[in-house]
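First the structure, in the form of structure tokens, and then the observations on it.
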Amino acid sequence: MIPASTKRIALAAILFLAAPMPAEAHVGAGSASSFAAGFAHPLSGLDHMTVMIAVGVWAAMKGGKAVWAWPLAFLGVMLAGGALGMLHVPVPFVEPAILASVVALGLLVALAIDLPVLAGIAIIGLFALFHGHAHGTEVPENAGGLDYVAGFAISTVLLHGVGIAAGLRLGSRFRGLARAAGAACAAIGVGLSFGVL
């Protein structure tokens with residue numbers, strides 16, 4: 001039996017995540033010159049927010065080394081992609097890849113795909129490169145960017161933590177809820193791709 005307080009917290013989190021928010025996690029959107037802007041950036045668009053939480057949920061579903069390796073892979077490659085963006089190194093298909101990551105990671109969770117840890121790292125790392133590049137290209141020329149980078153890195157870690165906590169809390173007994181959250185993530189990705197969210 002799930003305690004009532006846990007149900008209320010879960011419902012509040014679901015309502016917050018399902019609330020309509022503009023997908024502003026895109027090249028050229030918003031201010032990017034401070035820690036606060038960097039911290040807020042992953043929280044300002046459904047695309048980034050859902051992917052980072054999905055990584056955490058998928059890692060928790062896999063268990064073992066994946067619980068720390070997959071989120072760390074996302075963070076590390078995202079920071080490398082951010083550096084490429086700040087250096088104006090072109091990376092093709094950033095926006096389509098970000099949208100694809102929302103759908104793909106949602107489906108990986110929804111279908112409870114059990115991949116080897118290294119395969120998960122490769123998939124997560126690939127998508128993280130595009131997310132990081134989008135972050136990095138938004139740092140203005142006159143800003144050092146380190147405050148912004150620190151902000152979005154910490155925000156990313158916290159979102160991964162939310163996903164891990166949710167995945168571990170649901171565990172095998174409530175795995176269907178985690179899979180339903182993955183399906184919702186994939187649906188959000190489709191909605192963003194077609195401009196309905």
Side-chain angles (χ1 to χ4, degrees), residues 9 12-60 67-91 93-102 105-106 121 123-168 181 185 188-189 192 197:
I9 292 169
I14 290 167
L15 291 175
F16 171 75
L17 294 176
M21 293 182 187
E24 294 179 351
H26 302 279
V27 176
S31 170
S33 59
S34 69
F35 176 86
F39 186 86
H41 186 76
L43 305 174
S44 67
L46 281 174
D47 44 6
H48 283 286
M49 190 167 51
T50 53
V51 162
M52 292 173 198
I53 292 172
V55 166
V57 172
W58 192 38
V67 173
W68 58 267
W70 289 358
L72 280 178
F74 190 99
L75 181 64
V77 178
M78 182 188 71
L79 291 173
L84 292 175
M86 290 172 70
L87 294 170
H88 305 291
V89 175
V91 172
F93 309 114
V94 170
E95 289 303 313
I98 288 172
L99 293 173
S101 73
V102 181
L105 285 164
I121 287 172
I123 291 168
I124 288 166
L126 176 65
F127 289 135
L129 178 72
F130 295 105
H131 283 266
H133 193 274
H135 288 306
T137 57
E138 294 168 349
V139 178
E141 293 288 337
N142 60 353
L146 291 180
D147 288 344
Y148 177 76
V149 169
F152 80 69
I154 290 171
S155 186
T156 296
V157 168
L158 291 174
L159 287 169
H160 287 328
V162 167
I164 291 168
L168 292 176
C185 178
I188 288 169
L192 291 171
L197 290 178

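Position 1 is the first residue of the sequence; numbering continues from there.
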* **Which residues share a side-chain contact (heavy atoms from CB on, under 4.5 Å) with Ala128, sequence neighbours left out** => Phe74, Val77, Met78
* To do: Identify the two heavy atoms, one from Gly85 and one from Thr137, that lie closest to each other, and give their separation to 0.1 Å.
  => CA-CG2, 3.6 Å
* Do Thr50 side-chain atoms and Leu46 backbone N/O form a donor-acceptor pair below 3.5 Å? -> yes
* Structure fact -> Heavy atoms of Met86 and Gly136 approach each other most closely as CG-O, 3.4 Å
* To do: Specify the closest pair of heavy atoms between Ala73 and Ile121, including all atoms of both residues, with the distance to one decimal.
  => CB-CG2, 3.9 Å
* When rounded to the nearest 0.5 angstrom, what distance separates CE in Met52 from CG in Leu43? -> 8.5 Å
* **Contacts of Leu158 that satisfy side-chain contact (heavy atoms from CB on, under 4.5 Å) - sequence neighbours left out** => Phe39, Ile154
* Inter-residue atom distance Ile98.CD1 - Leu192.CG, 0.5 Å rounding -> 11.0 Å
* Expected output: side-chain His133 to main-chain Gly81 donor-acceptor under 3.5 Å -> no
* Structure fact -> Heavy-atom closest pair (Ile164 atom, Val67 atom, distance to 0.1 Å) is CD1-O, 3.4 Å
* Please tell me if the side chains of Phe127 and Val51 come closer than 4.5 Å, counting only heavy atoms from C-beta onward. => no
* Asked: Checking Ser155 side chain against Phe152 main chain: does a donor-acceptor pair fall under 3.5 Å?
  -> no
* Quick one: pull up CG in Leu159 and CG in Leu75 and give me the separation to the nearest 0.5 Å. => 11.5 Å
* Between Pro42 and Thr156, which heavy-atom pair has the shortest distance, and what is it? -> CG-OG1, 4.2 Å
* Polar side-chain atom of His135 near backbone of Leu79 as donor-acceptor pair, under 3.5 Å -> no
* To do: Considering non-hydrogen atoms only, spot the tightest contact between Ala54 and Leu105 and give its length.
  => CB-CB, 4.2 Å
* To do: With side-chain contact (heavy atoms from CB on, under 4.5 Å) as the test, would you mind laying out the steps for His41 and Tyr148 before giving the verdict?
  => CA-CA 9 Å; His41 186 76; Tyr148 177 76; 3.5 Å; yes
